[in-house]
Amino acid sequence: EGKNADYIPQLSRINPEQYGISICSIDGQRYNIGDTEIDFTVQSCCKPINYGIALENLGEDYVHKYVGREPSGQAFNELLLNKKGNPHNPLINSGAIMTTSMLFSEEELSSRFEKLIEVWYKLSGGLYKIGFNNPVYLSEKKTADRNYALSYFMNEKNENKKTGFPDNTDINETLELYFQNCSIEVNTKILSIVASTLANGGINPFTGKQIFSSETVKNILSVMLTCGMYDYSGEFAFKIGIPAKSGVSGSIMIVIPNVMGI
Ligand code: GLU
């Protein structure tokens, strides 16, 4: 049940009957059923990954100076900040735009995106090519009034230098990267391997390489458990009880720590 997101026109046209489930255990056993080879854009499933990259590169103290870690209890794109004037957490739109501003920020936009794709490639063990959906990207960019509004809302606070974006943030470039990031394309097989790397404490089950530290993974999974399903996070934690992240493309990335990614 449910219905397609329609605020991004390209997403509203996707066949809602498509359904696939992939699992990948922490020792690399895989099972796939249904439409597991149909590509979809990751949308907000990129948010925990971006948070992880920001933590790895800049540290917890720096990242959480700009973004909180409490659930907001509100919709994913609510025009709302916490009492300090920061976004509530890295998994709602405002917080994800904030963490995006921190991703390889000293580099050109082209290499910033290249580096993000590289992280996705490593998290999925290099078994598949990571794609990009240009029509979804263009469609999302064209209908992004709310994400622009959220960004300027956060930036307004920067005038007194108490909160807002890190210094030297270019809002347009940050949003550009955020839209591109949401338009990264995978299938459920790939996403389950990414989830299994998180289930495995940051070590990819196929390459044996540590992509995120266990400390970073602990933080990612904590916010996924408390904030990953937006205003359904409490209910999801109560009924299902494991870290998960949803995206408006219809994807859900689920992690059972020490067992498997789904
Ligand atoms: N690209 C989406 C947006 O910013 C992400 C939201 C989602 O997937 O939940 O509107």
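Remember, it's a predicted structure, so these values are computed and weren't measured experimentally. Numbering starts at 1 and runs along the sequence shown. Just so you know, ligand 1 is whichever comes first in the structure, and atom 1 is the first atom listed for that ligand. Heavy atoms only: backbone and side chains are in, while hydrogens, waters and symmetry mates are out.
- In this structure, atom 7 (C) of ligand 1 lies nearest to the protein heavy atom Ser44 OG, 2.5 Å.
- Taking the side chain as every heavy atom from C-beta outward, Tyr148 and Asn172 approach each other to under 4.5 Å.
- Both tests hold for Lys115 against Phe104: distance to the six-membered ring centre under 6.0 Å, angle to the ring axis within 45°.
- Ligand 1 has at least one atom lying under 4.0 Å from a heavy atom of Asn93.
- Less than 4.0 angstrom separates some heavy atom of Asn147 from each of these atoms of ligand 1: 3 (C), 4 (O), 10 (O).
- In this structure, Lys142 is not positioned above the aromatic face of Phe179 in the sense of NZ or CZ being under 6.0 Å from the six-membered ring centre and within 45° of the axis.
- Atom numbering of ligand 1 starts at 1 in the shown order; those under 4.0 Å from a heavy atom of Cys182 are 1 (N).
- Remark: minimum distance from atom 3 (C) of ligand 1 to any protein heavy atom is reached at Tyr7 OH, 3.2 Å.
- Counting the atoms of ligand 1 from 1 in the order shown, those under 4.0 Å from a heavy atom of Gly247 are 8 (O).
- Among all protein heavy atoms, the one lying closest to atom 9 (O) of ligand 1 is Tyr230 OH, 2.5 Å.
- For ligand 1, the atoms sitting less than 4.0 Å from at least one non-hydrogen atom of Glu140 are 1 (N), 2 (C), 3 (C), 4 (O), 10 (O), numbered in the order shown with element in parentheses.
- Below 4.0 Å from some heavy atom of Phe76 lie the following atoms of ligand 1, by number and element: 6 (C), 10 (O).
- Closest protein heavy atom to atom 4 (O) of ligand 1: Tyr178 OH, 2.6 Å.
- Side chain of Glu78 to main chain of Leu80: no donor-acceptor pair is present (N/O by atom type, distance under 3.5 Å, no hydrogens or angles).
- In summary, Glu60 and Arg69 engage in a salt bridge, as defined by a charged side-chain N under 4.0 Å from a carboxylate O.
- Salt bridge status for Glu235 with Lys239: present, with a side-chain N to carboxylate O gap under 4.0 Å.
- Using a distance-only test at 3.5 Å, with no hydrogens or angles considered, no donor-acceptor pair links the side chain of Asn200 to the main chain of Gly202.
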